[in-house]
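The basis for the numbers below is simple: all heavy atoms, side chains too, and nothing from hydrogens, waters or symmetry mates.
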Amino acid sequence: AAEKCLTLAARDGTPIAINYRIVLPDGSVRWIEADGDIIRDSAGKAIRIAGSCRDVTKQRQIENESERYRQQLEVSLAERTSELDVALRRLERTAYELTENIPVGTYTFVKRPGQRLGKYEFMSKRFVELQGLDREAVAADIRNGLPVVHPDDAEEWARLNLECMDEERPFRGEARHLVNGEYRWIA
């Protein structure tokens with residue numbers, strides 16, 4: 001590499017910039033950084049090099065140590081991320097099992113930016129039963145849940161739902177829902 005750099009500098013006038021190792025008489029290795037330019041005579045013939053050399057051994061050691069630490073950190077981070085993924089899956093499973101086994105209906109309803117209506121991301125089995133809903137139909141379009149609301153409550157129920165979505169606030173309301181042929185008050 002050093003010879004190639006010097007050959008290019010002599011041939012093309014490319015500035016010299018090389019790093020190389022030297023072995024001292026005591027056997028220790030040193031990293032040297034050198035730079036310079038070829039000095040030419042009036043005929044353009046290379047006659048000498050003007051430049052400087054610096055011992056950059058400490059810098060190289062620090063760079064190598066930094067790289068070693070970076071690699072160790074990446075391994076540790078990957079291991080920790082994997083552990084957290086496993087813990088998150090367990091937590092999600094526990095949360096799912098809890099929501100499916102408590103006596104109240106639970107759901108997660110999300111309205112994304114730019115959507116007029118949101119959609120159910122999750123509906124517990126008990127929520128679907130209490131509301132008298134068809135899970136697939138309501139998951140596809142929230143408006144499919146309106147027919148189960150008593151006709152006298154439907155307009156207010158829809159207005160309240162839209163208002164809560166528009167204002168991004170928790171839903172609080174009650175209405176009569178048709179469940180298994182009878183109306184129930186649902187809050």
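Salt-bridge check for Glu129 with Lys125: failed, with every basic side-chain N at 4.0 Å or more from each acidic carboxylate O. One finds no salt bridge joining Arg159 and Glu155 here, because no Lys/Arg side-chain nitrogen approaches an Asp/Glu carboxylate oxygen to under 4.0 Å.
Under the 4.5 Å side-chain criterion, counting only non-hydrogen atoms from C-beta, Asn180 is in contact with Arg184. Annotation: side chain of Asp152 is in contact with side chain of Arg176 (closest heavy-atom distance under 4.5 Å). By the 4.5 Å heavy-atom criterion applied to side chains, Gln72 and Val75 are not counted as neighbours.
In the hydrophobic clustering, where aliphatic and aromatic side chains (Ile, Leu, Val, Met, Phe, Trp, Tyr) are joined below 4.5 Å either directly or transitively, Tyr96 groups with Phe122.
Under the side chain to side chain donor-acceptor pair (under 3.5 Å) criterion, the residue pairs touching residues 47-60 are Arg30-Asp55, Glu33-Arg54, Asp35-Ser52, Asp35-Arg54, Ser52-Arg54, Asp55-Thr57, Gln59-Glu63, with sequence neighbours excluded. Sorted by first and then second residue, the ring pair (Phe, Tyr, Trp, His ring centres under 6.0 Å) pairs with a member in residues 136-160 read His150-Tyr183, Trp157-Phe171, Trp157-His177; sequence neighbours excluded. Residue pairs meeting the ring pair (Phe, Tyr, Trp, His ring centres under 6.0 Å) criterion with at least one partner in residues 21-78, sequence neighbours excluded, are absent.
Thr94 contributes atom OG1, which lies 6.5 Å from atom CG of Leu91 (distance to the nearest 0.5 angstrom). In this structure, CG on Asn161 lies 10.0 Å from CD on Glu156, to the nearest 0.5 angstrom. Put simply, OG1 on Thr99 and CG on Asn101 are 8.0 Å apart, with the number rounded to the nearest 0.5 Å. Remark: Ser42 OG to Ile47 CD1 distance equals 8.5 Å, nearest 0.5 Å. In this structure, CD on Gln131 lies 10.5 Å from CZ on Arg126, to the nearest 0.5 angstrom.
Arg80 meets the side-chain hydrogen bond (donor to acceptor under 3.5 Å, both in side chains) test with Glu83; sequence neighbours excluded. For Asp166, the side-chain contact (heavy atoms from CB on, under 4.5 Å) partners two or more places apart in sequence, or in a different chain, are Lys111, Arg116.
In plain terms, the two heavy atoms of Ala175 and Val149 that are nearest each other are CB-CG1, 4.1 Å. Nearest heavy atom pair, residue Ser124 against residue Val104, reads OG-O, 4.3 Å. Closest approach of Lys119 to Ala139, counting heavy atoms only: CE-O, 4.3 Å.
Put simply, Leu160 and Phe109 are part of the same group of oily side chains (I, L, V, M, F, W, Y) that touch within less than 4.5 Å, one to the next. Two different hydrophobic clusters hold Leu77 and Leu84 under the rule that ILVMFWY side chains link at heavy-atom gaps under 4.5 Å. Note: the hydrophobic cluster containing Val148 does not contain Ile186 (ILVMFWY, side chain heavy atoms under 4.5 Å, direct or indirect links). The cluster map of Ile, Leu, Val, Met, Phe, Trp and Tyr, joined by side-chain heavy atoms under 4.5 Å apart, puts Ile142 and Val128 in the same cluster.
Applying the 6.0 Å contact sphere to CG of Asp85 captures more than 12 heavy atoms from other residues, nucleotides or ligands. Remark: Arg40 CZ is packed, more than 12 non-hydrogen atoms of other residues, nucleotides or ligands lying under 6.0 Å away. Heavy-atom contacts from other residues, nucleotides or ligands closer than 6.0 Å to CZ of Arg169 number more than 12. The environment of CZ in Arg70 is crowded: more than 12 heavy-atom neighbours from other residues, nucleotides or ligands sit within 6.0 Å. Atom CD of Glu167 sits in a crowded spot, with more than 12 heavy atoms from other residues, nucleotides or ligands closer than 6.0 Å.
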Show your working on side-chain contact (heavy atoms from CB on, under 4.5 Å) between Glu182 and Leu178 and close with a plain yes or no.
CA-CA 5 Å; Glu182 67 181 24; Leu178 184 61; 5.6 Å; no
Checking Val29 against Ile22 for the side-chain contact (heavy atoms from CB on, under 4.5 Å) test, could you report, in this order, the C-alpha distance in whole Å, the side-chain angles of both residues, the deciding distance, and whether it holds?
CA-CA 6 Å; Val29 176; Ile22 60 170; over 6 Å; no
Run the side-chain contact (heavy atoms from CB on, under 4.5 Å) test on Ile49 and Ile16 for me, step by step, so that the C-alpha distance in whole Å, both residues' side-chain angles and the decisive distance to 0.1 Å come before the verdict.
CA-CA 9 Å; Ile49 297 174; Ile16 299 167; 3.7 Å; yes
Can you list the steps and then say if Glu121 with Tyr107 is a side-chain contact (heavy atoms from CB on, under 4.5 Å)?
CA-CA 8 Å; Glu121 297 275 325; Tyr107 64 93; over 6 Å; no
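Counting only distance, with no hydrogens or angles, the side chain of Asp37 and the backbone of Pro15 share no donor-acceptor pair below 3.5 Å. Side-chain atoms of Ser82 never come within 3.5 Å of backbone atoms of Ala78 as a donor-acceptor pair (strictly under, hydrogens ignored).
Between the side chains of Gln61 and Glu65, no donor-acceptor pair is found at a separation under 3.5 Å.
Between Tyr120 and Phe127, the ring planes lie tilted relative to each other; the angle falls in the 30° to 60° range.
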